[in-house]
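Notes to accompany the following structure.
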2 protein chains.
Amino acid sequence: MAVTIKDVAREAQVHMSTVSRAFSMPHRLRPETRDRVLEAARILGYRPSRVARALTTGRTRNIGFIVADIANPFFPPMIKAAEHTARSRDHHLFIADASEDPAIEAELVDALAKQVDGVILCGPRIANAKIENLSETIPIALVNRKVTGIPSVTMDVVHGARVAIRHLLDLGHERLAYVSGPRQSWTNTQIRRTVGATAGDRGTVTVLGPNTPTEDAGMAVAAEIVRTGVTAVLAYNDLIAIGIIEGLDALGVSVPGDVSVIGIDDTVLGRLTRPRLTTINVPTADAGTAAVDLLLQYTAGDEDASRPAAHVSLPTELIIRDSTAPPRGSGS
Amino acid sequence: MAVTIKDVAREAQVHMSTVSRAFSMPHRLRPETRDRVLEAARILGYRPSRVARALTTGRTRNIGFIVADIANPFFPPMIKAAEHTARSRDHHLFIADASEDPAIEAELVDALAKQVDGVILCGPRIANAKIENLSETIPIALVNRKVTGIPSVTMDVVHGARVAIRHLLDLGHERLAYVSGPRQSWTNTQIRRTVGATAGDRGTVTVLGPNTPTEDAGMAVAAEIVRTGVTAVLAYNDLIAIGIIEGLDALGVSVPGDVSVIGIDDTVLGRLTRPRLTTINVPTADAGTAAVDLLLQYTAGDEDASRPAAHVSLPTELIIRDSTAPPRGSGS
DNA sequence: TTGAAAGCGCTAACAT
DNA sequence: ATGTTAGCGCTTTCAA
């Protein structure tokens, strides 16, 4: 609690309001005065108290960033990008991990609300209604969820899933499965709706799940995959996909020999597994950056009502690697 | 900025100081009064402003958590554990990514200093002197670094490296290499010092590097490994180890057939690569928890001086998987 | 262009 | 056991 605005004022022989201005509206000061103040501040090592500033202005210049699971490799690049972007706008980022639990997630928003200007919910697990609810208390931006009136950035998983299913179809697979993720995930719903429609009459898609988005869940579902007799599966994310491959392997089922597997997210993991994972790339870092920008822009305006909430959709792309191949006996 | 302590006071027909007490020292209130206040607060949806509270008490109940690279899989489990621990102590966590840059790291401490009670530096890249320096401004706790007078939690990499080298020696390797990490890393120094001493006259250890702790760096160093003619290498971390395996593979050198490779950290990645990575497990989540506890305990005391700084050392363990084997032609 | 003064929401002596 | 009062460090009218 060392040096305050008063110390600088005394040192620079001006009133504290002048010191304040030297930082917040430097152009409204005579250059000599401004320089004298800034110099005094430098000498004393003065940094304005963000806390005190927040109390008067009502703006904390902090952002809350809530994710379902920090340890899920999907999130770190997003967090990193968000933090860098926030910092470049002179904002700091609170990180919070909701443990895939909607109740915790909502509680986190409330807990953070008092010391942030807004909250970014990444892959929220709470219901739309609750989100609308919370957004009346505090500005919210969403990643991978669309709610009317609330700014959001989504990844075009519909396109991704479509391309993935077609890839499988083109390979000659006719019996497919979608291993779904958490029930509350918007992304999951999008994909689930897409897969059947895309297959059309070229193939059938069995939906397995819901599952927690973990490797373990993937391993656990392997037996069921075998039982259904499908020859290709699309998984909710890389973690599940990798678990499936391991589980299948343990069952003596080879990938892609017996079953083809596609993941989603294109995390580092996919390049490392053997076979290397065919997956859908989603621009997580871009999403982090976009979310921060969206929130700040939403937050900056003065009239909170009636500004149309912006939606950003980011492109996805199929990355074909080694976990997909024509079905056994397809003669290719 | 909705409901304040005054609103609650009015609603509950008491003075605002009573409301304040209902939250901070409930036992000093008559039960009926306390209940009335709490009920009023509940009805109005009141939450104390942490900002205003911080301004008066001088304690923000926030912690800064600075890491070299959020996207390095070594950190997320640590961040997650730290966040959970902090939250259970009613603290919030600022996350910041120093991009492996000492200057940014120091700047981050300064930037956060005004709105946190203390900062946790994970795998700091800044010099000891600078850390001592900063710690005069703001309480600091360290992960993977030891500085006299500053609380820290370290992983026992000396033991880990020793066991790893012995494993290699026992396998029959005599020409070893240590592929080092960032020069500023304390862990790196510890390991570097240990490897040679452990090999003693049973083998030679060539040190390669320094390197940035990334897969790319590992790939880049593969050629040099081949050139030195060593048959086994210990890498600064899993990322580099995995890069080395890839790089070696690209050069037609097989692991562990021609060269054995050991990583450090035991991140998820190591179980996924083929061959699966032999590595040293370090308890990153425990470190996150311990660091928060250490900092809060350091922060809680009233006399800042002369309290002996606590040091916590966490155990490490060699995980033998498939990337290590006897050297070619060892007859086994 | 600068100073004076009020006040952000809360806590912490100090009264009573 | 509860009310009064004085700030915490800063920004922001309002004056000058």
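Chain identifiers are assigned alphabetically (A, B, ...) following the order of the sequence lines, protein sequences preceding nucleic acid strands; residue numbering begins at 1 within each chain.
- The interatomic distance linking B:Arg50 (CZ) with C:dC10 (C1') rounds to 14 Å, in whole Å.
- We find the CG-CD1 distance between A:Leu142 and A:Ile150 to be 6.0 Å, quoted to the nearest 0.5 Å.
- With rounding to whole Å, A:Arg30 atom CZ is found 9 Å from C:dT2 atom C1'.
- Residue A:Arg28 places no side-chain N or O under 4.0 Å from the OP1 or OP2 atom of C:dT1.
- Taking atom CG of residue B:Asp7 and atom C1' of nucleotide C:dG9, one finds them 11 Å apart after rounding to whole Å.
- Remark: P of C:dG9 and CG of B:Leu44 are 14 Å apart, rounded to the nearest angstrom.
- Of the candidate nucleotides D:dT2, C:dG9, C:dC8, C:dG9 has the atom lying nearest to any side-chain atom of B:Leu55.
- Applying a 4.0 Å cut-off to non-hydrogen atoms, the residues of residues 11-27 of chain A that approach DNA chain C are A:Val14, A:His15, A:Ser17, A:Thr18, A:Arg21, listed by residue number.
- Between A:Arg53 and D:dG9 there is no side-chain N or O to OP1 or OP2 distance below 4.0 Å.
- Side chain of A:Ala52, nearest nucleotide from C:dT11, D:dC10, C:dG9: D:dC10.
- Here the straight-line distance linking atom CZ of A:Arg21 with atom CE of A:Met16 works out to 10.5 Å at 0.5 Å rounding.
- Under 4.0 Å is where a charged nitrogen must lie from a carboxylate oxygen, and between A:Arg87 and A:Glu83 at least one such pair does.
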> Under the ring pair (Phe, Tyr, Trp, His ring centres under 6.0 Å) criterion, do A:Tyr46 and A:Phe23 qualify, and how do the steps go?
Replying inline: CA-CA 11 Å; A:Tyr46 168 75; A:Phe23 284 90; 5.5 Å; yes
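- Relative to the side chain of B:Ile5, the nucleotides C:dT11, D:dC10, C:dT2 differ in distance, and C:dT11 lies closest.
- The CZ-P distance, from A:Arg59 to D:dC10, rounds to 18 Å in whole Å.
- Per the geometry, CZ belonging to A:Arg36 stands 11 Å off C1' belonging to C:dT2, to the nearest Å.
- For A:Thr33, the side-chain atoms get nearest to C:dT1 when compared with the rest of C:dC10, C:dT1, D:dG9.
- For A:Lys6 and C:dA5, the NZ to P distance is 13 Å, given to the nearest whole Å.
- Comparing atom distances between the A:Thr57 side chain and each of D:dT12, C:dT2, D:dG9 picks out D:dT12 as nearest.
- Note: CD (B:Gln115) to C1' (D:dC8) measures 16 Å, nearest angstrom.
- Side-chain atoms of B:Asp117 and B:Thr60 form a donor-acceptor pair, as typed in the model, at a separation below 3.5 Å.
- Annotation: the span from B:Leu108 atom CG to A:His92 atom NE2 amounts to 7.0 Å, rounded to 0.5 Å.
- Between C:dC10, C:dG7, D:dA1, one nucleotide has an atom nearer to the side chain of A:Thr56 than all others, and that is C:dG7.
- Atom OG1 of A:Thr284 and atom CG of A:Asp286 lie 8.0 Å apart (nearest 0.5 Å).
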